[in-house]
Amino acid sequence: MDHAAEAQRTDLMTITRHALNEQGRHPESRGDFTILLSHIVLGCKFVASAVNKAGLAKLIGLAGETNIQGEEQKKLDVLSNEVFVKALVSSGRTCVLVSEENEEAIFVDAQLRGKYCVCFDPLDGSSNIDCGVSIGTIFGIYMIKDKDNATLEDVLQPGTNMIAAGYCMYGSSCTLVLSTGNGVNGFTLDPSLGEFILTHPNIKIPNKGKIYSVNEGNARNWDVPTAKFVEKCKFPQDGSSPKSLRYIGSMVADVHRTLLYGGIFLYPADKKSPNGKLRVLYEVFPMSFLMEQAGGQSFTGKQRALELAPTEIHQRSPIFLGSYDDVEEIKSLYASESSTGLSA
């Protein structure tokens with residue numbers, strides 16, 4: 001890359017310009033999605049700024065603590081949740097919000113309602129904040145049939161009905177990865193401009209990767225197919241090189257690496273968590289949507305992840321997602337286990 005030439009570029013594809021270009025392909029569009037996206041982007045910028053100065057601003061710590069002036073201090077994930085809820089409501093384009101931080105779904109006041117439902121985790125991986133590990137926001141967007149008569153059923157849709165999904169990773173750089181059902185694109189925040197610039201156009205995950213990502217501390221509780229797959233990663237029988245283990249423990253960071261470099265991310269069910277640990281609406285579905293749009297696969301151990309029909313807003317599920325061939329391998333192990341009837 002000619003870095004000098006890159007530094008002098010003036011024709012920058014910002015995320016707003018990209019959204020407007022996509023909007024131009026749909027003459028019937030009224031710009032509602034573009035407005036919604038701009039509010040999500042604003043929330044991401046706010047949280048990125050808060051994450052970068054978290055220690056200085058005393059945002060690390062328990063919610064409910066008070067400072068010397070007697071003011072309540074907000075833990076960073078509580079603050080992030082408030083930022084996104086207010087940004088999404090004020091857009092005037094949302095009807096129902098589902099957040100990891102709120103026990104119940106939020107139904108927007110009638111005068112501010114729009115036609116979209118947004119499910120989001122405002123700060124995924126927040127337990128890693130204190131040690132500076134990359135964390136992020138995950139979101140998925142659905143269309144509501146009737147904004148004036150919205151119910152919880154409008155939220156509990158299969159992931160196949162999702163119209164857009166993405167995540168924003170706050171790390172050494174702030175990267176927003178987005179799909180509106182027409183491929184996957186990555187944008188990096190340029191602090192000097194305050195804009196997300198297209199840096200990873202049309203992301204395609206390699207068909208097979210050299211990395212697997214799983215919490216091996218849970219190995220003794222795994223089922224047989226998962227144990228066999230990880231064993232094959234370490235000790236391949238075909239003479240190929242073993243896969244490398246990379247596990248950060250922040251889903252956004254682990255999935256981002258998997259998306260760019262290939263491989264597989266695993267969070268299986270086990271004896272301690274028979275229903276899995278990751279939440280369907282705002283973790284499993286958005287990441288599965290992105291993986292499929294980039295040419296990969298996503299699997300629950302029983303079915304295609306996006307075909308799940310959730311019955312609760314905080315429902316959990318096992319998940320295997322990543323390169324097509326790697327997920328195909330774990331699928332074949334589950335199919336073999338099912339046919340022999342020897343499930344663990």
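Residue numbers run from 1 in the order of the sequence given.
Under the 4.0 Å criterion applied to side-chain N and carboxylate O atoms, Lys331 and Glu328 are assigned as salt-bridge partners. With respect to the salt-bridge test (charged N to carboxylate O, under 4.0 angstrom), the residues Lys145 and Glu153 do not qualify. Using a 4.0 Å cut-off between a side-chain N of Lys or Arg and a carboxylate O of Asp or Glu, Lys75 and Glu101 do not qualify as a salt bridge.
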*Does the side-chain contact (heavy atoms from CB on, under 4.5 Å) test come out yes or no for Asp326 and Lys243, once each step is laid out?*
CA-CA 11 Å; Asp326 290 321; Lys243 291 185 186 294; 3.0 Å; yes
*asked:* I'd like to know whether Phe84 forms a side-chain contact (heavy atoms from CB on, under 4.5 Å) with Val47, so could you lay out the CA-CA distance, the side-chain angles of the two residues, the decisive distance to 0.1 Å, and finally the verdict.
replied: CA-CA 9 Å; Phe84 278 105; Val47 174; 3.6 Å; yes
*Intermediate values then yes/no, side-chain contact (heavy atoms from CB on, under 4.5 Å), Tyr170 and Asn52*: CA-CA 8 Å; Tyr170 314 111; Asn52 286 339; 5.9 Å; no
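Side chain to side chain, Tyr282 and Ser99 fail the donor-acceptor criterion of an N or O pair below 3.5 Å. Judged by distance alone, the side chains of Arg316 and Ser273 never bring a donor and an acceptor atom under 3.5 Å apart. Side-chain contact of Tyr334 with Thr226: a donor-acceptor pair under 3.5 Å is present, judged by distance alone. Using modelled atom types and a 3.5 Å distance limit, the side chains of Asp238 and Ser240 yield a donor-acceptor pair.
Cluster annotation: Leu333 is connected to Tyr212 through the hydrophobic network of ILVMFWY side chains, with a link wherever side-chain heavy atoms come within less than 4.5 Å. A single hydrophobic cluster is not seen to contain both Tyr324 and Val255; linkage of ILVMFWY side chains at heavy-atom distances under 4.5 Å, directly or through other members, places them apart. Transitive grouping of hydrophobic side chains (ILVMFWY, heavy atoms separated by less than 4.5 Å) brings Leu321 and Ile203 into a common cluster. Tyr247 and Leu259 fall within the same hydrophobic cluster, where Ile, Leu, Val, Met, Phe, Trp and Tyr residues are linked whenever their side-chain heavy atoms come under 4.5 Å apart, directly or through other members. Grouping the Ile, Leu, Val, Met, Phe, Trp and Tyr side chains by contacts below 4.5 angstrom, directly or via other members, places Met291 with Leu260.
Here the side chain of Arg93 pairs no donor or acceptor atom with the backbone of Gly114 at under 3.5 angstrom. In this structure a side-chain-to-backbone donor-acceptor pair under 3.5 Å is missing from Asn81 to Asp77.
Asn21 CG to Thr16 OG1: the interatomic distance, rounded to the nearest 0.5 Å, is 11.0 Å. Between atom OG of residue Ser244 and atom NZ of residue Lys210 there is a gap of 9.0 Å, rounded to the nearest 0.5 Å. To the nearest 0.5 Å, atom CG of residue Asp223 and atom NZ of residue Lys271 are 9.5 Å apart. Atoms SG and NZ, from Cys117 and Lys147 in turn, are 15.0 Å apart once rounded to the nearest 0.5 Å. A distance of 11.5 Å separates NE2 in His256 from OG in Ser250, rounded to the nearest 0.5 Å. Rounding to the nearest 0.5 Å gives a distance of 8.5 Å between CE of Met169 and OG1 of Thr188.
For Lys208, the NZ atom sits in a packed shell: over 12 heavy atoms of surrounding residues, nucleotides or ligands are nearer than 6.0 Å.
Only one option out of Ser288, Ser317, Pro158 pairs with Val280 in a side chain to side chain contact (heavy atoms under 4.5 Å, CB included); it is Ser317.
The nearest pair of heavy atoms linking Leu245 to Ser213 is CD1-CA, 4.5 Å. Across every non-hydrogen atom of Phe107 and Leu152, the tightest pair is CZ-N, 3.9 Å. For the pair Met143 and Tyr116, the tightest heavy-atom approach, listed with the atom from each and the gap, is SD-CE2, 3.7 Å. When all heavy atoms of Ala164 and Thr180 are compared, the pair lying nearest together is CB-CA, 4.1 Å. Taking each heavy atom of Leu12 and Leu193 in turn, the nearest pair found is CD1-CD1, 3.6 Å.
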